[in-house]
Colleague: 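What follows is a structure written as structure tokens; I'll ask about it next.
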Amino acid sequence: MNPLGKVAVLMGGSSAERQVSLMSGNGVLEALRRAGVDAHPFDPAERELAELKHAGFERAFIALHGRHGEDGTVQGALELLRIPYTGSGVMASAIAMDKVMTKRIWAAEGLPTPRWAWLSPERQAREDVIAVPDQLGLPLIVKPPREGSSIGITKVSGYSEMQDAVKLACEYDADVLCEEFIEGEEVTCAVLGDGPAARALPVIRIVAPGGNYDFEHKYFSEETGYHCPSGLPPAEEAEIQRLTLAAYRLLGCRGWGRADLMIRASDRKPFLLEMNTSPGMTSHSLVPLAARVAGLGYEQLCLHVLECAALDHPGT
């Protein structure tokens, strides 16, 4: 009998990242089965979550991305069902999914993140929107604060582009996040583990065509370069790992996660952009790449994450 029991790989879901989630989930499912785990696919968009309990699942590997998968909602349901799950708990998942709340916490604790403006639905009149470049400068980034995979994001270079950028972001979220643009190199750093025992994996430096790391270049392009080892000076790599661990612990993350950062070209200062609590596991995903460089293959990575499945309050 497999000590991990009957495992549901949650994939698909109803968010804008459904297709990416299906790619991640199928990769995880095949890897777990190769390792002898009794793993089964489970799409919450097609089945009621209560079926997990009725079908005798003992653990859940969350390969969902975006809303209703990465934002604490599925985590809360699994807590009620008493089924241990991978990744962060309810609160950390909910906070990390909301980039505005994440930035508030990081900024309050002195961690570097780009300056930002939050446009709630009441602050999206034309005069409010065109005032943002005066506050943050140009170019700037406009995006929905509760989406991932570069969905709904616009790089704005002039005042005349602001309204369309806000309109696009509003297709995915009622709120809009406007963020200072950091000119420089994009990097990402994954974390495995919990609390003081959490460890940062090697940093990955991302080089996208024209500096445009959009949805297409993230998941389908063969032109995007992923450098791991990063090629950064050792002191820079160590500082990015330190910041990532601090950001991860501050949000209360557990199991695994991945921070995205920018290194400002003018002074080489790193800035935290966001924390992903249910990272991608596709053929183009970054956590598997960093794990492989650290000596952990895809199958081993999946098993490690699954073995760390837990509940926020296991004894209740």
Side-chain angles (χ1 to χ4, degrees), residues 16 66-67 70-71 92-189 206 211-215 240 243-244 246-248 250-253 257-277:
R67 294 191 189 189
E70 197 171 352
D71 61 358
S93 298
I95 292 173
M97 189 65 198
D98 189 322
K99 297 178 184 67
V100 174
M101 292 303 298
T102 296
K103 288 167 79 70
R104 284 173 174 163
I105 291 171
W106 285 343
E109 295 296 324
L111 296 184
T113 187
R115 294 178 299 124
W116 78 93
W118 169 46
L119 297 180
S120 63
E122 300 78 26
R123 295 189 59 245
Q124 292 171 15
R126 185 177 183 278
E127 58 269 24
D128 295 316
V129 171
I130 62 173
V132 173
D134 293 332
Q135 177 184 347
L136 300 180
L138 288 169
L140 59 84
I141 299 296
V142 175
K143 56 188 170 184
R146 291 176 283 264
E147 284 291 350
S149 296
S150 301
I151 291 171
I153 292 183
T154 305
K155 180 182 177 182
V156 172
S157 299
Y159 287 84
S160 62
E161 301 170 22
M162 281 295 299
Q163 208 70 50
D164 285 343
V166 169
K167 182 180 178 182
L168 175 63
C170 283
E171 292 180 13
Y172 300 95
D173 202 319
D175 297 307
V176 175
L177 171 62
C178 303
E179 191 173 59
E180 171 191 13
F181 178 73
I182 304 296
E183 183 73 51
E185 293 182 279
E186 184 164 0
V187 294
T188 192
C189 183
I206 302 164
N212 182 24
Y213 192 44
D214 59 9
F215 185 88
I240 289 164
L243 273 178
T244 296
Y248 179 89
L250 190 57
L251 296 179
C253 297
R258 196 195 79 236
D260 296 333
L261 307 91
M262 293 295 298
I263 303 174
R264 190 163 59 191
S266 61
D267 59 2
R268 306 302 295 173
K269 179 179 178 178
F271 290 84
L272 290 156
L273 298 180
E274 63 179 284
M275 181 67 67
N276 303 277
T277 56

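Just so it is clear, the structure is predicted and the values come from calculations on it, not from any experiment.
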Colleague: Between the main-chain N or O of Ala259 and the side-chain N or O of Thr188, is there a donor-acceptor pair closer than 3.5 Å?
Modeller: yes
Colleague: Against Trp116, only a single residue in Gln135, Lys99, Arg104 fulfils side chain to side chain contact (heavy atoms under 4.5 Å, CB included); can you say which?
Modeller: Arg104
Colleague: Would you call Leu273 and Met262 a side-chain contact if the rule is heavy atoms closer than 4.5 Å?
Modeller: yes
Colleague: Test side-chain contact (heavy atoms from CB on, under 4.5 Å) on Ile240 and Ile263; report intermediate values, then the result.
Modeller: CA-CA 9 Å; Ile240 289 164; Ile263 303 174; 3.6 Å; yes
Colleague: Between atom CE of Met162 and atom CD1 of Ile130, what is the distance when rounded to the nearest 0.5 Å?
Modeller: 9.5 Å
Colleague: If you take all heavy atoms of Ala92 and Leu251, which pair is closest and at what distance?
Modeller: CB-O, 3.2 Å
Colleague: How close do Leu138 and Gly158 get, counting heavy atoms only, and between which atoms?
Modeller: CD1-CA, 3.9 Å
Colleague: Are the side chains of Thr154 and Asp164 in contact, using a 4.5 Å heavy-atom criterion?
Modeller: no
Colleague: Using 0.5 Å steps for rounding, measure from the CG atom of Leu272 to the OH atom of Tyr248.
Modeller: 14.5 Å
Colleague: Going from CZ on Arg115 to CD1 on Ile182, what distance comes out if it is rounded to the nearest 0.5 angstrom?
Modeller: 8.0 Å
Colleague: If every non-hydrogen atom of Cys178 is compared with every non-hydrogen atom of Leu136, which pair is closest and at what distance?
Modeller: O-CD1, 3.5 Å
Colleague: Hey, what do you get for CG (Asp98) to CD1 (Ile105), rounding to the nearest 0.5 Å?
Modeller: 9.0 Å
Colleague: A side-chain contact here means heavy atoms from C-beta on lying under 4.5 Å apart; do Leu168 and Glu171 qualify?
Modeller: yes
Colleague: If you round to the nearest 0.5 Å, how far is SG of Cys189 from CE of Met275?
Modeller: 8.5 Å
Colleague: Answer whether the closest heavy-atom distance between the side chains of Asp175 and Pro144 falls below 4.5 Å.
Modeller: no
Colleague: So which atom in Gln124 and which in Ala174 form the shortest heavy-atom distance, rounded to 0.1 Å?
Modeller: NE2-O, 2.8 Å
Colleague: To the nearest 0.5 Å, what is the distance between OH on Tyr159 and CG on Asp134?
Modeller: 3.5 Å
Colleague: Using only atom types and a distance under 3.5 Å, with no angle test, would you say the side chain of Asn276 pairs donor to acceptor with the backbone of Arg258?
Modeller: yes
Colleague: Testing the basics here: between Lys103 and Thr113, what is the closest heavy-atom pair and its distance to 0.1 Å?
Modeller: NZ-OG1, 2.9 Å
Colleague: Looking at every heavy atom in both Leu140 and Phe181, which two are closest together, and how far apart are they?
Modeller: CA-CB, 3.9 Å
Colleague: Counting N and O atoms only, with roles assigned by atom type, does the side chain of Ser157 sit under 3.5 Å from a partner on the main chain of Pro139, one being a donor and the other an acceptor?
Modeller: no
Colleague: Name all residues meeting the salt bridge (Lys or Arg N to Asp or Glu O under 4.0 Å) criterion together with Asp173; count only those two or more places apart in sequence or in a different chain, and write none if there are none.
Modeller: Arg67, Arg146
Colleague: Taking Met97's backbone N and O only, do any of them form a donor-acceptor pair with Glu70's side chain (distance below 3.5 Å, no angle check)?
Modeller: no
